[in-house]
Each structure stands twice: as structure tokens, then as C-alpha cells.
Amino acid sequence: MRTLLGFTSVLNCIYGHAMTTFSETFANTADFKTVLTDKTGEAFVREGFDATWGKVNVSDRPDLADFQCNGALAVAKQAKANPREVATKITAHLTGDTAIKSLEIAGPGFLNFVLSDSALSDRANALSADERLGAPVVETKRKVIIDYGGPNVAKPMHVGHLRTAVIGESLKRIMRFMGDEVIGDAHFGDWGYQMGLLITAVSDEQPDLPYFDETFDGEYPVHSPVLLSDLERLYPFASNKGKENAEYRDRARKATRELQDGRKGYRALWQHFVDVSKTSLKEDYRILGVEFDLWNGESDADPFVAPMIEELKAKGLLETDQGAEIIRVAREDDKAEIPPLLVVSSEGSAMYGTTDLATIKQRREEECPDLILYAVDQRQSNHFTQVFRAAYLAGYASEGQLEHIANGTVNGTDGKPFKTREGGVLKLGDLLAQANSAASVRLHEAGLGKGLSDEDFNKTTWQIAVSAIKFAELSNHRLTNYVFDLDRFMVFEGKTGPYLMYQAVRMKSILRKAVEQGVSAGEIIVTEAAERELVLLLDGFEAALKETYLKRAPNILADHVYRLAQTFSKFYAACPVLIADTDAQKSSRLALVKLTLAQLEKGLDLMGLTAPEVM
RNA sequence: GGCUCCGUAGCUCAAUUGGAUAGAGCAUCCGCCUUCUAAGCGGACGGUUACAGGUUCGAUUCCUGUCGGAGUCGCCA
């Protein structure tokens, strides 16, 4: 379910900046990787090679170096030269830099950079002073709509809905933080045949309601005649009956049509369905920390369908085929056969793709986005190919402005699509409650949270529970068909959300104690190995965010955040802060803790998580 | 059958334009709480990256094929 809309064209959008596609580049780049890349690139240029060969990466041999450049190998291959000789010439241009403690040629021609402690100290202090904690900003701000969620009326959310909600929310936060203007749209599934099914089911169960009396001209009741539980019960019932019983199906279709044609009682009843469902959905999303800017539904797109069809006709894009109106979207070089987009079915109704296409038109006219991302299951990839091509043909967007951010499926521990042990669907709300209960038990077992009020204790367990679920989700690449194993997520040991929470809590604890003891943060002076490692990690925030942004892959951010927490934990064990030998060391390490906490909390926030004060 | 995605340690997952010794967590084993929270830290064990070829100085990564899994292929969404 995706939405639609569209009235008349808004000229300044159609002919304005939205037709421009931006290259995705970033502004402030002060991390070691970039600085070293610039320097090394310059060295390559001075040897007559392209600067791009100077790309420096974090070393994958931390025992040998902090950073490395593989460019000499590649350029030598192209120039048919000896890689070690090339590397020698490059290093000659890089001597005399005090930031570089050592630069060595290793193996077949790798350049190994080791940075000086003072360079690390300087960088750490700069990060401390940077309110963005080293995060990059996009060079050109764009307006982005992210379409994620896709919840439906009468269908409770389940684990499958977690994927798009959690990934979409994270991408929204990341892009927004990096400077884009981002609108999150829930794209509520509130229209179509399923609504007709519900109306039919309610009319059979409660035929005396005024909604079904066409002669009724009074005020319809304010309160809904159905509860959420009724909808959840009626929908599967009606859906099955519609499949088995042709007469029932026809009644539901008729109801659908009448609803869409504006039959008053049906509209009023439908509004109750929408309100009841939305209230429940919003509660689930609230717990998950997912916030939409728009709750546009498919119904909001409905008024735009008819004008759009006229427009498509006028443009000569529509073709009648087997009684339906279609747009052909196949291309010469297609490997797979891409079927045409069905705009009007042979029964005269709007289809899934119709709604989506109209939604693109609506968004263009109402929001004029530079980019629309669809965080939707990969199984709909054909659908989006069709819709996107149709949109390009219709001029509702230009090539590259529409992207399907596909995700894999969520499986159970048996490798099949997730089901409860009883074989049923586990409702998201129940799942969250289970996780919360597990967190509560764990906290009690550990004898923690005793000093907390009931309210704070409850808040803490939810933060831990949600972190377990969301981090498990986000640490997988979005295309992975991952196994959802709540028991494993709830163990709270190792690479889990609660681990991240725990490290944040330890940092906060140190900060509180520092205040008590009158220790204040000062200049960071890096000396210990654990400090070096931590600063290098902090420096990597920028690169991790860039990568996450370009690939629309929050697992890269999740990995950075985890490694940051892990590296801090190592530092925590190796480098006492408040009981360090000297005051300067205390101040330095305290500043490092503050910086680490700030970046960790920012990273958590970008994943839609918040750490408690105590756990 | 066509097309898409996937196949990495016993399990769940990573791997930055093709780079050095393929990394984490869990599980198993060994250490570490009279210093800031042990939901922690250190270490060990664990791999023919499904298989067979090809390109390359170098392949988990690119190409071809085989096997295995998932998905999808116009009037559902």
C-alpha cells in the first residue's frame, strides 16, 4: 500500500530545481581519512598520476598501521610499473608531516600510516569542540520524502512491519541530521477492497446501525461501533469469506465502490475504522520511537486519480489492452520482461500502482521533493520498477529521483517467515510487551534500578527492550533475510542493544561521579593504546555516516556505534578515569568519556534509540 | 521456465572503488570483580567464503557455468 494524489501541475516544481539531480557529496571533512587522502592524492599528482589513487582507508592491519593506501598497487598495474618503486616515490612527498609518526611501505606496495599521539590528541580536542561530533553535512541540501511503515487499517502490525519502520526511521534521522530536509510519510493503507470487506462484515453483524440506512440523515454516532479487536477479528474473516464466496465478494466490491463514490454512511463508518486503527498503530510506533511527519493515507490520493488518468491519456501514455488501461514500461535492454503498469483495471477500478503513481504526482505538486525513498520489502521491487518508469514517462519525476530501499524478509528460527510457536502471527504490540517484561526481569535479577521510581523503572525497561529489538534489526544489512529470535535478542549479552545502553550508562555514571568529586574535563592528551584506539574510532564517525548515507544502509552506522561502545569498554577496563594518577590525566580521560558519550548518544539517536541514566 | 536476491566458523551475522593474516556476537574452553556498574574485559578454539572454471600480481567481492535456498513473473497489495 502506497499512496497517491495529484491535481494540476505546479510549474515551479516541474520546471524548477526538482528536476535537477544532485551528486551526493559532503561538506566538512576533517577526519584523518580525508586529510590523509588529500595529502596522498597530492603526492600521486606530483608523480603524474590521478589524485584518486591516493585514497586512504582505515588499516585492516591495526597491528601495523592506523591507515593505509593501496593506490600504488593499482596505479603501478595501470602504468606497468613496479608498485614498490611507485610507493617509494609517493612517500618521498609525504615526509616532514608531524602528524604522521611513521609511513612505511609494506608487502607489495601498501602505504602504512601511523599517526602521532599529538595528532590524535588534536583531533580528539577538535571533536570535543565540534557540536556535530565530527559528523559530515551534505554539500547540497535536498528535500527528501521517505515512505515507510505502510501500516493498514484493521491489520495489527507484526514483526514484518518492524523492518521498514525501523530502517526508514533511521534513514530519516540520518539524512535529516546530515542536512537534508526530510519528510517521513506513513503511507497508511486505508483504502480499497479491504475497506469494502470490513463494511460488509460490520453490516452483517450489526445491520441496524445507521451507517447502512441510506435514508438516514441525522448525525452519526461519535463513538465507533467497533473496537480494534472487532476489526482484527472481522478482517481475516471477511477476507477469507470473500475468497470463497463470490456473492460476498461482490457485495464487498460494491461497498468499496460506494465508499469511494462517497456514500455518506460508509464514509462515516470508514472514518471510525481509520481512527480506531490509527490510534493503536500510533501507540506501537510511539513505543518504537518511530515518528511520521505525515500520515497520508491511500484515501488522500484518491481525489488525484481521476485527473491523473486524464493527464496520462492526454499525454498518450495510456493504452487499452484486454479491457484495462495500461502504461507500457518495458525497455529495450531489459533482461527480464517488465509487464506494463495497470492503471485502470478491466473493472474500472484503480490499482495498487495507480495509487502509487498518483502519490508521486501529489508529492511532486505538494512537496516538490528532490528524492523519494521507498523503504519497502524487496518483493515489491517489480512493482516499483513499473511505477517509477511510469512516473518518469509521465514527467512526475526524473530518472534517479525515485529509489526503492528494499529490505529482506524476517524469518523465524526455522528459516521460514516468522510465526509464533503456535503458528500464528505475533502482534508487534505483544512482542514489545514481551521484550519489556524480559528487560524488567533482568533488571530485577541484577538488583538494579532499586532507587528508581516506578515510572523511571518502567521507562528504563522500555528503553532496553526497544534497543534490543531495533539494534538487532539495524545491525543486519537491510537486504538480509534475517532470523528473528526474540530469546536471543533478550539475552542482552554481546552484540546487542542493551550492551550499547550499558556502555552509555557506565559513561553517565562516571560523569555524575566526576561532578561529585569536582573533577572537570580538560585537554585530551592521548598516550595509552586504549585511548588511541578510542580516538581513532571517534574519528571514524564521519566516514561511517557518509557510507551509511550513500548506501542507505543503517547497519554501517550500527556497526560504528557498536565498535565505539566496545572500544570504550576496553578503555574503561584499561584506563581508570577518576582514579587516574594525575589530575591532568583525570581531566583528559573525563573529556574523552564526555566526547564518547556524546557521539554514542548521537549514534543511538540516529538509530532511534535513547539510553537510560541507570541500569 | 525467464528474471532478481542470496549461499561466509557449529549458530546468527559483518567485511569500506578487487588488497596483507576473511572479522564480530553466541555456543565451548581458560583467565580477570578489596579501583569509576562483571549486561563487562582479556585469551583459546573454530573457515577449501556452496562447487567448478575465468580475468588479475592479488577475488568473499568482477565474469561464465553447476548445485542449493528465497522471491517474483498484468487486473491482490
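Just so it is clear: chains get the letters A, B, ... in the order the sequence lines come, proteins before strands, and each one is counted from 1. From a predicted model like this one, the values you see are computed outputs, not experimental measurements.
Using a 3.5 Å distance cut-off with no hydrogens or angles, the side chains of Ser239(A) and Gln194(A) do not pair a donor with an acceptor. Of the N and O atoms on the side chains of Asn70(A) and Gln68(A), at least one donor lies less than 3.5 Å from an acceptor on the other residue. Using a 3.5 Å distance cut-off with no hydrogens or angles, the side chains of Gln380(A) and Tyr352(A) do pair a donor with an acceptor.
Along RNA chain B, the nucleotide closest to Val483(A) and the one closest to Leu341(A) are compared, and the more 5′ of them pairs with Val483(A). Nearer the 5' end of RNA chain B, as judged by each residue's closest nucleotide, is the contact made by Phe484(A), out of Phe484(A) and Asn57(A).
Using a cut-off of 4.0 Å between Lys/Arg side-chain N and Asp/Glu carboxylate O, Arg532(A) and Asp66(A) are scored as salt-bridged. Between Glu516(A) and Arg512(A), no side-chain nitrogen of the basic residue sits less than 4.0 Å from a carboxylate oxygen of the acidic one, so the salt-bridge criterion is not met. The pair Glu347(A)-Arg253(A) meets the salt-bridge criterion, with a side-chain N (NZ, NE, NH1 or NH2) lying under 4.0 Å from an Asp/Glu carboxylate O. Between Asp559(A) and Arg563(A) there is a salt bridge, with a side-chain nitrogen of the basic residue lying less than 4.0 Å from a carboxylate oxygen of the acidic one. Ion pairing between Asp321(A) and Arg328(A) holds under the 4.0 Å rule for side-chain N and carboxylate O. The pair Asp38(A)-Lys55(A) fails the salt-bridge criterion, with no side-chain N (NZ, NE, NH1 or NH2) lying under 4.0 Å from an Asp/Glu carboxylate O. For the pair Arg331(A) and Asp333(A), the salt-bridge criterion is not met [side-chain N within less than 4.0 Å of a carboxylate O].
Sorted by residue number, the members of residues 553-563 of chain A with any non-hydrogen atom under 4.0 Å from RNA chain B read Asn555(A), Tyr562(A). Sorted by residue number, the members of residues 67-75 of chain A with any non-hydrogen atom under 4.0 Å from RNA chain B read Gln68(A), Asn70(A), Leu73(A), Ala74(A).
Going from atom CD1 of Ile469(A) over to atom P of U12(B) covers 20 Å, rounded to whole Å. Rounded to whole angstrom, the span from the CZ atom of Arg163(A) across to the P atom of G71(B) amounts to 15 Å. The CG atom of Leu64(A) sits 17 Å away from the P atom of G19(B) (whole-angstrom rounding). If you take CG of Leu474(A) and P of U12(B), they are 20 Å apart, rounded to a whole angstrom.
Looking at heavy-atom distances under 4.0 Å, Met501(A) makes no contact with the nucleic acid at all. Residue contacts for Ala106(A): at a heavy-atom cut-off of 4.0 Å it reaches a base atom on one of the strands shown. Within 4.0 Å of Asn112(A), counting heavy atoms only, lies at least one base atom of the nucleic acid. If you check every strand for non-hydrogen atoms under 4.0 Å, Val491(A) touches nothing. Within the nucleic acid shown, Ile338(A) has no heavy atom closer than 4.0 Å to any nucleic acid atom. Looking at heavy-atom distances under 4.0 Å, Leu479(A) makes no contact with the nucleic acid at all. Residue contacts for Asn411(A): at a heavy-atom cut-off of 4.0 Å it reaches no nucleic acid atom on any strand shown. When heavy atoms are screened at a 4.0 angstrom cut-off, Glu347(A) is found touching no nucleic acid atom at all. Within 4.0 Å of Asp377(A), counting heavy atoms only, lies no atom of the nucleic acid at all. Nucleic acid contact for Glu337(A): none, since no nucleic acid atom lies under 4.0 Å from a heavy atom of the residue. Nucleic acid contact class of Val505(A) (heavy atoms, under 4.0 Å, all strands): base.
Listed by chain and residue number, Thr527(A), Arg589(A) satisfy the side-chain hydrogen bond (donor to acceptor under 3.5 Å, both in side chains) test with Glu531(A) (two or more places apart in sequence, or in another chain).
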Carefully, step by step, assess Phe484(A) and Phe489(A) under the rule ring-ring contact (aromatic ring centres under 6.0 Å, His included).
-> CA-CA 8 Å; Phe484(A) 191 95; Phe489(A) 299 163; 5.1 Å; yes
List the steps, then state whether side-chain hydrogen bond (donor to acceptor under 3.5 Å, both in side chains) holds for Arg488(A) with Thr413(A).
-> CA-CA 10 Å; Arg488(A) 185 160 53 83; Thr413(A) 46; over 6 Å; no
Give each protein N/O atom lying under 3.5 Å from an N/O atom of nucleotides 40-43 of chain B, with the pair distance.
unit_1: G40(B); atom_1: OP1; unit_2: Gly494(A); atom_2: N; d: 3.1
unit_1: G40(B); atom_1: O3'; unit_2: Ser569(A); atom_2: OG; d: 3.0
unit_1: G40(B); atom_1: O2'; unit_2: Arg506(A); atom_2: NH1; d: 3.1
unit_1: G40(B); atom_1: O2'; unit_2: Arg506(A); atom_2: NH2; d: 3.2
unit_1: G40(B); atom_1: O2'; unit_2: Ser569(A); atom_2: OG; d: 3.0
unit_1: C41(B); atom_1: OP1; unit_2: Tyr499(A); atom_2: OH; d: 2.7

What does the list of N/O pairs under 3.5 Å between the protein and nucleotides 59-65 of chain B look like, with a distance for each?
none

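The aromatic rings of Tyr562(A) and Phe471(A) are tilted relative to each other, their planes meeting at an angle between 30° and 60°. Phe388(A) and Phe384(A) have tilted rings, their planes meeting at an angle from 30° to 60° on a 0 to 90° scale.
In RNA chain B, the stems built from three or more successive Watson-Crick or G-U pairs (distances below 3.5 Å) are B:1-7 with B:67-73, B:10-13 with B:23-26, B:28-32 with B:40-44, B:50-54 with B:62-66.
Contact between the side-chain N/O atoms of Thr480(A) and the OP1/OP2 oxygens of A14(B) is found at a separation under 4.0 Å.
Closest non-hydrogen pair, Asn407(A) versus Ala375(A), comes out as OD1-C, 4.3 Å.
Using a 90° window around 0 for the glycosidic torsion, C33(B) falls inside it and is classed as syn.
Inter-residue side-chain proximity for Val577(A) and Lys586(A) is flagged as unmet; no heavy-atom pair is nearer than 4.5 Å.
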